[in-house]
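If you read the sequence from its start, that first residue is 1, and numbering goes on from there. Every heavy atom of this structure was used, including side-chain atoms; hydrogens, water molecules and symmetry mates were not. In this text the structure is predicted, and so the values were computed from the model without any measurement.
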Amino acid sequence: MRSDEVKRGVERAPHRSLLRSLGVTDAEMERPFIGVANAFSEVVPGHLHLRQVVDAVKAGVRMAGGTPFEFGVIGICDGIAMNHQGMLYSLPSRELVADSVEAMALGHAFDALVLVPCCDKIVPGMLMAAARLDIPAVMVGGGPMLAGRQGGRAIDLNTVFEGVGRHMAGTLDDEGLRAIECSACPTCGSCSGMFTANSMNCLSEVLGLALPGNGTIPAVYSERIRLAKQAGMRVMDVFAQGLTPRQIVTDATIGNALALDASLGCSTNTVLHLAAIATEAGLDFPLERINEIAARVPHLCMLAPASDMHVEDLYQAGGIQALMKRLIDAGLMDGSCKTVAAATQAEAVATARVFDDEVIRPLDRPHHATGGLAVLFGDLAPNGSVVKEGAVSEGMLRHRGPAQVFESEAEAFAAITEDRIRKGSVVVIRNCGPKGAPGMPEMLSPTSALAGRGLDKDVALITDGRFSGATRGAAIGHVAPEAQAGGPIGLVREGDTIAIDIPARTLSLEVPEEEMARRRAAQPPLTPRPGVTGYLARYVKLVSGAEKGAVLQ
């Protein structure tokens, strides 16, 4: 056991003395040491209940013969951090999560890990750490929030953001907005739609590092506590087998994750996070593969923000395991991949069934014939850009219009609220990439304001930043290279014609190359945004482009 490094032999008497001061008995000293990473906090709704989840995990570890040691991990709530300086820290916090799990696991010679996150960057950060460390690990999240209800209609956090846009447009009064605000987020858990947190918790099942049900069992259901106990017990089996994350997360597993992503219509952020997890596992992640898999995997589930259905509806319909079984049976997913839940993925989901063919549609009646995400390439995005195709209205799949250019999210949001955005235009928000912002902030406020004003069917938005999973409309993010790295998006001028063709997977700037060459020659030297200090200053120096997952190099 790795933990022998801190508990075996005469020379480890000081170490054992410290362990005894923690209350560790001789019997517990003989057992495997299991680190339990707890992202509990009183500021993240998805993490508010994680003490109870972690208590269940530790009970499971003890029942199966292990000695659990709980330790804390930071977490940022993207919703609370949205649209102010806090959002600069959201994506960079993913690296801090991964680094802190690494430091705690290796610093204390844990034999295995149970990872307990729930929300946006914490889930991928912990999965990255698992792949990096390659010691036995099981993840169990806190579960999704239930949707709010208003007048018989399901609502969620995105409803509030769009309500702000409606209020600014004069179509929703103060009382109406307050009613939505007070009803949209009724329980703890990750926000209730197929937003980033739930996307990643669902993908953790197909990545093979979480048990069936992890992505969809609601946070407030007792079944979530039972799942946590099972995760604690299961990690002991995984440890006994010597099964490690890099044996599980293979190239075929990443392909399965992209297939599930396509069928679910996940957040565009999954591209960043899957790329980062693949990198930690020593795997290549070409963006072209997303389009290749999406071309053959139909879009079967349409949840919020693309519809009024939420993750709780997917849970009632059979969960991720039912969707996986449907894809495996159709030959669209490799059922032979390993998982912590069973010998193979096919075995793990063998008893699953679909209870609602409207929530999880059959293959002959998909929402779209191709997957929910698309990667666009072209002279405006030579290294790629990402759009949630499943949340784009039919009329905006192809769009051509004049650019309205903004140097920051704040500038664009002000223009939207002041009615300066023209129908038919393409809003360009740049200098928002990993290096440029820095931190590649999400932009739910501008997209929600456009939707709230009814412009999401007339106006496209492109950025070298990224979008919340709650975003809908022709919102194209991750444009790479970013402006701060010398990308063409930095050379776009007001009124330039931009052509978007999502079915053809292209994003084009209709400016002659001779003119682009003149603009490049006249462009001043690129310098970091002034006033960036501390962790973000170090982040800017080390972070890669969005096409590589914005990992630190």
Side-chain angles (χ1 to χ4, degrees), residues 165 169 268 373-433 436-437 440-468 471-484 487-513 515-516 519 546:
T268 52
L373 291 184
V375 178
L376 313 184
F377 294 92
D379 51 17
L380 191 49
N383 294 348
S385 59
V386 184
V387 63
K388 190 170 185 175
E389 183 177 11
V392 181
S393 65
E394 190 71 25
M396 288 297 292
L397 290 172
R398 292 182 175 87
H399 181 77
R400 183 174 177 272
Q404 288 190 256
V405 182
F406 303 95
E407 303 298 336
S408 70
E409 177 188 8
E411 284 186 17
F413 187 67
I416 295 167
T417 59
E418 294 165 8
D419 286 325
R420 290 188 279 120
I421 302 301
R422 299 178 294 276
K423 283 190 175 184
S425 68
V426 178
V427 174
V428 177
I429 308 178
R430 62 191 179 197
N431 294 307
C432 293
M440 203 179 183
E442 287 185 345
M443 299 182 192
L444 182 55
S445 292
T447 57
S448 296
L450 286 172
R453 289 170 176 260
L455 290 172
D456 57 304
K457 293 180 173 61
D458 298 290
V459 172
L461 193 156
I462 70 169
T463 180
D464 50 9
R466 60 194 179 93
F467 297 109
S468 163
T471 294
R472 61 186 172 94
I476 301 165
H478 308 196
V479 171
E482 62 174 297
Q484 185 62 32
I489 190 171
L491 301 175
V492 179
R493 293 184 180 174
E494 194 81 9
D496 285 351
T497 299
I498 294 174
I500 300 164
D501 192 331
I502 296 174
R505 307 301 193 238
T506 60
L507 178 61
S508 304
L509 178 63
E510 296 184 353
V511 174
E513 180 52 41
E515 171 60 20
M516 291 296 287
R519 293 181 188 181

E394 and L397: CA distance, side-chain angles, deciding distance, side chain to side chain contact (heavy atoms under 4.5 Å, CB included) verdict: CA-CA 6 Å; E394 190 71 25; L397 290 172; 3.8 Å; yes

Using a 3.5 Å distance criterion without hydrogens, assess whether the side chain of R430 forms a donor-acceptor pair with backbone atoms of V492. yes

Could you report the tightest heavy-atom contact between I489 and A483, atom names first, then the distance? CG2-N, 3.6 Å

With a 4.5 Å limit on heavy-atom distance, are the side chains of E510 and R400 in contact? yes

Are the side chain of S468 and the backbone N or O of E442 linked by a donor-acceptor pair below 3.5 Å? no

Quick one: does any side-chain atom of S385 pair with a main-chain N or O of L376 as donor and acceptor, under 3.5 Å? yes

So which heavy atom on M440 is nearest to which on D464, and how close? CE-O, 3.8 Å

Any carboxylate oxygen within less than 4.0 angstrom of a Lys/Arg side-chain nitrogen, looking at E389 and R505? yes

Heavy atoms only: give me the nearest G473-V392 pair and the separation to one decimal. O-CG2, 3.3 Å

When you measure from the side chain of Q404 to the backbone of R420, do you find a donor-acceptor pair of N or O atoms at a distance under 3.5 Å? yes

Rounded to the nearest 0.5 Å, what separates atom CZ in F406 from atom CG in L461? 9.0 Å

Side chain proximity check, L444 to T471, heavy atoms < 4.5 angstrom: yes

Among E407, E411, E482, E409, whose side-chain hydrogen bond (donor to acceptor under 3.5 Å, both in side chains) with N431 holds? E407

Look only at the side chain of R519 and the backbone of L491, and say whether a donor-acceptor pair between them is shorter than 3.5 Å. yes

Could you pull out the closest heavy-atom pair between G424 and P402, with the gap in Å? O-CD, 3.7 Å

Rounded to the nearest 0.5 Å, the CD1 atom of I500 sits from the CZ atom of R398 at a distance of 12.5 Å

Would you check if I498 and L509 make a side-chain contact, meaning some heavy-atom pair closer than 4.5 Å? yes

Test item: R453 side-chain N/O and T417 main-chain N/O as donor-acceptor pair under 3.5 Å: yes

D456 vs T447 side-chain heavy atoms within contact, under 4.5 Å: no

Mind listing the closest non-hydrogen atom pair of G465 and M443 along with its distance? CA-CE, 4.1 Å

For E513, look at atom CD and say whether over 12 heavy atoms of other residues, nucleotides or ligands are found less than 6.0 Å away. yes

In this structure, CD1 of I421 is separated from CD1 of I416 (nearest 0.5 Å) by 5.5 Å

Side-chain heavy atoms of H399 within contact of V426, under 4.5 Å: yes

Which pair of heavy atoms, one from A381 and one from V479, lies closest together, and at what distance? CB-CG1, 4.1 Å

